[in-house]
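Working notes, beginning with the structure itself.
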Amino acid sequence: MKRGYQGSPSGPPQSRLKPNPEGDTLFLEDENTKNFARKVADHYSARTNQTLEEREASPIIHLKKLNNWIKSVLIQLYARRGDVVLDLACGKGGDLIKWDKANVGYYVGIDIAEGSIEDCRTRYNGDADQNQRRKKFSFPARLLCGDCFEVRLDRELADDAPFDLCSCQFALHYSWSTEARARRALSNISALLRPGGILIGTMPDANVIIKKLREAEGLEFGNGVFWIRFDEDFVDKVTYNSISFLFDVYPC
């Protein structure tokens, strides 16, 4: 059950939803967009939890540790004791310990991958595999499976809102597959945060990606861990407001 609010019987003031432009839902329901979302969900659902030994053997372990450090710093800087937190694209619950250390009061996690949500629920309940660290968490939590860049979350989370803090770590770029999905993502965030609430997040640096595109001989570049390919619209390597490219990360 979410923490109480000291201020008024009706709770804290809520932000007003700013709906997407008329006709916007046509883009949200586009079949290519839904196929892309399903591909992302299937990719993360298929990934299994790793033991500590397997994690340490990963060729990108130092990158993973850097990413974890970045998230830890953001959470410690902006989360306050008793905060009501919305974690978009929460994954398998790898940040639960970070939220616990920040002494948050209530946590809602949403992810598009059903397998990830099940792993997150297992981790929260302390039922992880014997090779995983077990941890009982001090805050109540609600975990949901859904596409937070397509569904109107103000309807789904009416009993949980408003939130003091919203976090979206290494996932917000998935909403940029269409303008409509990007608008829905930002609309959900603004509607669910209380006035003065905080959004924290991380995403790829577009300037770095475009710089590497211009340095590449063709329309693709990468290494043993990642690969990015731009479509033929960018043969002149000139970017516009809308960018379309494929981005694959190989499991490590």
Side-chain angles (χ1 to χ4, degrees), residues 1-6 11-12 14-15 40-41 44-45 47-50 55 67-68 70-172 174-175 185 188-194 197-202:
M1 188 174 179
K2 73 182 290 187
R3 63 147 171 85
Y5 175 75
Q6 298 178 353
Q14 299 200 28
S15 301
V40 171
Y44 286 105
S45 287
R47 299 188 65 179
T48 58
N49 281 325
Q50 294 179 313
R55 177 181 169 82
N67 291 347
N68 264 318
I70 291 170
K71 292 187 290 184
S72 295
V73 169
L74 286 173
I75 290 172
Q76 288 300 318
L77 279 175
Y78 294 104
R80 299 173 301 174
R81 178 182 293 273
D83 270 357
V84 177
V85 173
L86 174 62
D87 193 359
L88 301 179
C90 64
K92 298 178 182 295
D95 294 335
L96 288 173
I97 293 177
K98 301 179 183 66
W99 294 115
D100 203 38
K101 288 181 178 178
N103 296 304
V104 300
Y106 181 62
Y107 173 92
V108 175
I110 304 176
D111 198 273
I112 193 173
E114 186 174 354
S116 293
I117 284 294
E118 287 304 314
D119 287 341
C120 185
R121 184 174 288 111
T122 297
R123 177 173 282 169
Y124 176 81
N125 290 331
D127 299 328
D129 183 87
Q130 62 179 357
N131 292 318
Q132 299 288 329
R133 288 175 294 180
R134 298 184 179 216
K135 168 73 177 178
K136 292 291 186 180
F137 298 97
S138 60
F139 55 85
R142 182 185 180 195
L143 303 173
L144 303 92
C145 180
D147 188 345
C148 47
F149 305 142
E150 181 170 349
V151 177
R152 271 192 61 171
L153 293 181
D154 62 309
R155 296 171 177 169
E156 301 295 326
L157 302 178
D159 295 335
D160 302 285
F163 294 88
D164 300 298
L165 187 148
C166 176
S167 174
C168 188
Q169 303 297 333
F170 301 98
L172 193 58
Y174 289 122
S175 72
N188 279 334
I189 292 167
S190 62
L192 290 168
L193 280 175
R194 64 169 174 77
I198 295 173
L199 167 66
I200 60 174
T202 50

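These numbers were taken from a predicted model, which means no experiment stands behind them. By convention here, the first residue in the shown sequence is residue 1.
- The closest side-chain heavy-atom distance from Ile198 to Leu193 is not below 4.5 Å.
- Using a 4.5 Å heavy-atom cutoff, the side chains of Ile200 and Gln169 are in contact.
- Side-chain N or O atoms of Ser167 include none that pairs as donor or acceptor with a backbone N or O of Asp87 at under 3.5 Å.
- Under the 4.5 Å side-chain criterion, counting only non-hydrogen atoms from C-beta, Tyr106 is not in contact with Val85.
- A donor-acceptor pair under 3.5 Å links the side-chain atoms of Asp83 to the main chain of Arg80, judged by distance alone.
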Exercise for the section: Start with the C-alpha distance between Leu88 and Leu153, add both sets of side-chain angles, then the distance that settles side chain to side chain contact (heavy atoms under 4.5 Å, CB included), and finish with yes or no. Expected result: CA-CA 11 Å; Leu88 301 179; Leu153 293 181; 3.9 Å; yes

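- A donor-acceptor contact shorter than 3.5 Å is absent between the side chain of Asp111 and the backbone of Cys145.
- Looking only at side-chain heavy atoms (C-beta outward), Thr202 and Leu74 come within less than 4.5 Å of each other.
- Between Phe139 and Tyr124 there is a side-chain heavy-atom pair separated by less than 4.5 Å.
- Interatomic distance, Leu157 CG to Arg142 CZ, rounded to the nearest 0.5 Å: 5.5 Å.
- Between Arg123 and Phe137, the shortest heavy-atom contact is O-CE1, 3.5 Å.
- The distance from atom CG of Asn188 to atom CG of Leu86, rounded to the nearest 0.5 Å, is 8.5 Å.
- Across Ile117 and Gly109, no two heavy atoms sit closer than the pair CD1-O, 4.2 Å.
- Annotation: side chain of Val108 is in contact with side chain of Leu144 (closest heavy-atom distance under 4.5 Å).
- Between Cys120 and Gly91, the closest heavy-atom pair is CB-O, 3.7 Å.
- Proximity of a side-chain donor or acceptor of Lys98 to a complementary backbone N or O of Ile75 within less than 3.5 Å is not detected.
- Looking only at distances, no side-chain donor or acceptor of Arg194 sits under 3.5 Å from a matching main-chain atom of Asp164.
- Looking at heavy atoms from C-beta onward, Asp100 lies out of side-chain contact with Leu96 at the 4.5 angstrom threshold.
- Within the model, atoms CG of Leu199 and OG of Ser190 stand 10.0 Å from one another, a figure rounded to the nearest 0.5 Å.
- In this structure, Lys101 NZ and Gln76 CD are separated by 8.0 Å, a value rounded to the nearest 0.5 Å.
- Distance check: Tyr174 OH to Cys148 SG gives 12.0 Å after rounding to the nearest 0.5 Å.
- Residues Phe149 and Leu172 meet the side-chain proximity criterion, which asks for heavy atoms closer than 4.5 Å.
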